[in-house]
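Reading through the structure tokens given below for one structure.
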There are 2 protein chains.
Amino acid sequence: MNQKTTKPAARPTAREKLLDAAFSVIREQGYSATSVDDLCRTAGVTKGAFFHHFPSKEALAVAAANHWSEATGAFFAAAPYHDPKDPLDRVLGYVDFRRAILQGDVPEFTCLVGTMVQEAYGSSPDIRDACRASIFDHAANIERDIAEAMAERGINNAGWTARSLALHTQAVLQGAFILAKAEGTADGGANLAAQSVDHLRRYIEMLFTTEKLSHAA
Amino acid sequence: MNQKTTKPAARPTAREKLLDAAFSVIREQGYSATSVDDLCRTAGVTKGAFFHHFPSKEALAVAAANHWSEATGAFFAAAPYHDPKDPLDRVLGYVDFRRAILQGDVPEFTCLVGTMVQEAYGSSPDIRDACRASIFDHAANIERDIAEAMAERGINNAGWTARSLALHTQAVLQGAFILAKAEGTADGGANLAAQSVDHLRRYIEMLFTTEKLSHAA
DNA sequence: GACAGCATACCAACTGGTTGGTATATCCGG
DNA sequence: CCGGATATACCAACCAGTTGGTATGCTGTC
């Protein structure tokens, strides 16, 4: 389209710095607990700049959720798990990839939109919609590989759909993040989350190997 | 112990009304977005009464998390899924029960401590610890039945433990709540969550039937 | 290529209202 | 008439958002 949207520029604008700040600060403190001043301080920008680029704090949250969709979309699109010919290997590769990136402190591997939607689902439809789109669009990518794997193995009418399994993967991840937050210690959280992802992987494997043998529900 | 803790009394005290208010208001708005005035208004109590019973907003959150542990503990202890002799049936009964209570509006079936820990894990160790205790103690109950079921079927060294599976059930539930919040519509959220619980049930079933046949990892 | 004209980007200081919390007064049962 | 429970009035700090203004860059014209 135009240069503005495609080129993040050498010297980042206040808008980009604020969105980056939102990624880290909101994941650490939550949305409501994060003040506009917090974001400005982290971004190294003044309040005037904030309200020049965003009409409200809520609008920044929506923009951050959309920016999160783009950033994670590019991140997962560039990940290596898309290579295998067998769609099931791609699905399992995705799960393995999600497990591998569970590292560092909790705010570093948790999900911005999952955090935000918890706080905003009742008070701000705009934020909720942006977060929903981020989660569900991401799930739709996995759904495609799952559907292919099902087709290849002749699985249908099994009591579950590609869509429900794709959404289940997201539920497991979001839930794993909550347990990680509750756990408290640095690595402890990541390990805890990883164990849930292990269960998820085992489930998907069993789902496809068992169903292969007898796919009569 | 004493009467204070065991008897909720005919006319509820301001403390009890505030804790009840916290259950509904915080699940709807989140912790940070809920003001002390909000809680007082909902409880029908003045600010003076609030700070007579709780030294701070944070202290109320801790008390609410502990009260949540007691209330849900009694609720699940009284549930009918404990009856079966086969421990696996008790585990599956628990999952079925969790699925059955996914009804009504989102704030009605979601988890107080799961919501709170997301916002407070970084800023308030006290709240985080109270929420962690609530989640992990609840998981410990399920872990007992899982461990029994594993013993009965001779499952060990299977790559997973009773504890990790018990925590996984909580992760799935917490994640299902997030998807429900993101979904937006009334029943839509509950249905979405129910589908994840269905996957969880299927997983546990497969885990025990498959492992029974060949439990060599 | 110089320069007027204008939009964008940004800033420091400020505002009205809300926040968590306090000081003090009143109610009411034993 | 004492002491826990509740109410009223209030405060300093903080909140999201506004203001009036400056710096910087782009654009067309001669």
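In this structure, A/H52 atom NE2 and D/dG25 atom C1' are separated by 13 Å, rounded to whole Å. Residue A/R15 contributes atom CZ, which lies 10 Å from atom P of C/dA9 at whole-angstrom precision. Atom C1' of nucleotide D/dT6 and atom CZ of B/F54 are separated by 14 Å, given to the nearest angstrom.
At the phosphate of D/dT6, OP1 or OP2 sits under 4.0 Å from a side-chain N or O atom of B/H53.
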Subject >> Candidate pair B/H199 and A/S164, rule side-chain hydrogen bond (donor to acceptor under 3.5 Å, both in side chains), full reasoning >> reply: CA-CA 8 Å; B/H199 281 292; A/S164 83; 2.7 Å; yes
**OP:** Evaluate the salt bridge (charged side-chain N to carboxylate O under 4.0 Å, His left out) criterion for residues A/R128 and B/E183: first the C-alpha distance (whole Å), next the side-chain angles of each, then the deciding distance (0.1 Å), finally the verdict.
**Re:** CA-CA 8 Å; A/R128 193 218 322 121; B/E183 206 277 339; over 6 Å; no
Subject >> Evaluation steps, salt bridge (charged side-chain N to carboxylate O under 4.0 Å, His left out), between B/R41 and B/D38 >> reply: CA-CA 5 Å; B/R41 207 175 308 123; B/D38 283 340; 3.2 Å; yes
Subject >> Sequence-aligned protein contact record of nucleotides 10-22 of chain D, with B where the base is within under 4.0 Å of a protein heavy atom and S where only the sugar-phosphate is >> reply: -----SBBB----
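Here A/E148 pairs with A/R90 in a salt bridge; the nearest charged N to carboxylate O distance falls below 4.0 Å. Between B/D129 and B/R132, at least one side-chain N (NZ, or NE/NH1/NH2) sits under 4.0 Å from a carboxylate O, which counts as a salt bridge.
Under a cutoff of 6.0 Å and an axis angle of 45°, A/K57 and A/Y31 form a cation-pi pair.
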